[in-house]
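Have a look at the structure below, then the notes.
Residue numbers run from 1 in the order of the sequence given. This is a predicted model, so every value here is computed, not measured.
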Amino acid sequence: MDVDLAIVGAGSAGMAAYKAAARHTNRIVVIEASGYGTVCARAGCMPSKLLIEAAHRAHAVRQAHRFGIQAVGARVDGAAVMARLRELRDHFVDSVIREVEAWPAAHRLVGRARFIGPCLLQVDDHMQVKARSVVLATGSRPVVPPEWRDGLGELLLTTDTVFELPTLPRSIAIIGGGAIGTEMAQAMSRLGVRVVWLMREDAPGGLKDPALRPLAIPLLSEGITLITRTQVRGMSQVDGSQARVEFDVTGGERGSTVVEKVLVCIGREPVLDGLDLDKAGLVLKDNKLQGHEDRSTRVGESCVFLAGDVSGAHPVLHEAVRDGLRAATQAVAQPGPPNHLPEAPLEGGRRTPLRIVFSDPQIAAVGRSHDELSRQPQPFVTGVADFTDQGRSRIRDMNRGALRVYVCRQRRVLLGAEMIGPCAEHLAHLLAWSIHQGQTIDALLDCPIYHPVVEEAVRTALGHARGQIAGQATARPTSPLSACTDMGIGL
């Protein structure tokens, strides 16, 4: 085959790349080795949220008495939970497969690709593909130290395998305190699984703000054996049916736990093995392609572009999709032989960073982090809202956590925010859009906010920040409950 663009990988980034390239050329091929269906649909966003939603429902039943409602006889059916998860997961996967299979057959090639020269790919033993440009969208996979896998075998789980369990285990150790570890630890616990949660730091969900970390530990570890600042020493089987995890705790203590399963959530790594990158003139170091430029997605001066998790730069779905669009647009616009395609415009820089952890309470971070801002000379103030006495949050019995917003003192624009609290997924979007548009806190405080809603906490935090810029006291903002009829809450 001789094409303008070869896309290796048909996940979220690869699909986006195909759609973008198809606007400019019909000479495209998408090469996929392991079957269609994105990580998001198969083993990421969708199945994890299905498990989390079941956990939320179980927890709501147990907490119904707080509203004067007596729920009797509630019982978690682990097999039914997992069956529903897989049924809906498969529905999401099937929709992705149908979309890809609707593409022209000439644009789809099944097999494992590897470079045999610059811009020249061998697909299994049956096809060579010569391309003007190549987009690598091969994705990522869970990181698992080989010795852990050797020690536990099938007792070790990752997000690639945990959703295939026929029923919930009676006990599980979860290794890792990031977003996935946080979500899975709480969900498993609320579904009746005994959970031992081990993390290297004391920052569940990847929280950066030092004022929020102490709040998160008790909020997220209810019913869980949480051990922070640990280092796993080894894993082994016990009688072939259980797993032993041995670990060191900061301070010199040693510990161990025995459980049915171990779920490893310590990160993901780009899938780049087997591609014979050296034959394309590319240099791989520490599992990263040298010379990769984030904005254009191009690797040095080569014909290769990276899209999605394979770059290791922005491992979230919406950025993977944007990478795919950017990579394909750039790839088909590169100078080439006579009659090459007209140049396509380069989209703007990356959007405002946005990260959400679907725990309860939820965790979210937008824009620039507290530690990033603290390392730079630009002066900023931190506005605070406490959800403990926030009106709508208390009504919903969700009044836990806090919101902290970071505001540039000179320009009065919102720079970033981090929070643990109710409806954080929604508050984070409002704040991310505001940062993306360069809104000042004065403009934001002039926007309407209905009462009573959780969004009033944003107004409280922004008002607190504005008060500090004006030289007013930095004490805790007035509770919204003390000013329900004043729509200038927190000012």
Side-chain angles (χ1 to χ4, degrees), residues 207-213 215 348-356 362-393 401-491:
L207 280 166
K208 302 293 185 184
D209 194 308
L212 294 179
R213 289 184 176 190
L215 294 178
R350 288 198 175 272
R351 291 171 286 193
T352 300
L354 172 61
R355 185 176 63 85
I356 298 171
Q362 293 178 336
I363 294 171
V366 300
R368 297 164 72 182
S369 67
H370 183 275
D371 57 352
E372 178 187 357
L373 291 168
S374 299
R375 292 192 300 267
Q376 297 183 1
Q378 180 177 221
F380 71 99
V381 299
T382 301
V384 181
D386 186 345
F387 289 108
T388 305
D389 208 22
Q390 203 273 329
R392 184 63 183 279
S393 301
L403 162 66
R404 292 168 65 82
V405 299
Y406 317 125
V407 178
C408 176
R409 186 179 286 275
Q410 280 80 26
R411 295 186 292 123
R412 305 173 73 88
V413 295
L414 189 61
L415 300 173
E418 192 167 34
M419 69 200 82
I420 176 170
C423 305
E425 62 179 293
H426 304 301
L427 303 185
H429 280 87
L430 292 177
L431 292 168
W433 297 343
S434 300
I435 295 171
H436 189 73
Q437 294 173 357
Q439 297 264 11
T440 66
I441 56 172
D442 306 288
L444 292 172
L445 285 166
D446 196 42
C447 293
I449 293 184
Y450 207 77
H451 176 75
V453 292
V454 176
E455 284 77 2
E456 287 173 295
V458 173
R459 189 178 184 88
T460 300
L462 293 175
H464 184 221
R466 187 161 77 174
Q468 293 177 67
I469 293 174
Q472 298 173 4
T474 60
R476 175 181 171 180
T478 303
S479 164
L481 289 181
S482 67
C484 283
T485 59
D486 177 12
M487 291 316 292
I489 291 170
L491 301 187

[atom2] on [Y] to [atom1] on [X], rounded to 0.5 Å:
X: Ile469; Y: His464; atom1: CD1; atom2: NE2; value: 11.0 Å
X: Leu354; Y: Glu425; atom1: CG; atom2: CD; value: 10.5 Å
X: Gln362; Y: Leu427; atom1: CD; atom2: CG; value: 9.0 Å
X: Arg404; Y: Asp209; atom1: CZ; atom2: CG; value: 4.0 Å
X: Lys208; Y: Ser374; atom1: NZ; atom2: OG; value: 12.5 Å

Q: Kindly indicate, with the supporting measurements, whether the criterion side chain to side chain contact (heavy atoms under 4.5 Å, CB included) is fulfilled by Leu403 and Leu431.
A: CA-CA 11 Å; Leu403 162 66; Leu431 292 168; 4.1 Å; yes
Q) Where is the tightest heavy-atom contact between Ala417 and Tyr406, given as atom of each residue plus distance? A) N-CD1, 3.7 Å
Tell me, do [X] and [Y] make a side-chain contact under 4.5 Å, heavy atoms counted?
X: Arg411; Y: Leu415; result: yes
X: Thr382; Y: Val405; result: no
X: Ile420; Y: Phe387; result: no
X: Glu418; Y: Leu207; result: yes
X: Val413; Y: Val407; result: no
X: Phe380; Y: His370; result: yes
X: Ile356; Y: His429; result: yes
X: Thr440; Y: Leu414; result: no

(Q) Before you tell me yes or no, could you show the steps for Arg412 and Arg466 under side chain to side chain contact (heavy atoms under 4.5 Å, CB included), namely the whole-Å CA-CA distance, both residues' side-chain angles and the distance that decides it to 0.1 Å? (A) CA-CA 8 Å; Arg412 305 173 73 88; Arg466 187 161 77 174; 3.5 Å; yes
Q: Just do the side chain to side chain contact (heavy atoms under 4.5 Å, CB included) check on Tyr450 and Glu456 with the steps written out, would you?
A: CA-CA 8 Å; Tyr450 207 77; Glu456 287 173 295; over 6 Å; no
Q) For residues Gln439 and Gln437, is any side-chain donor paired with an opposing acceptor at under 3.5 Å? A) yes
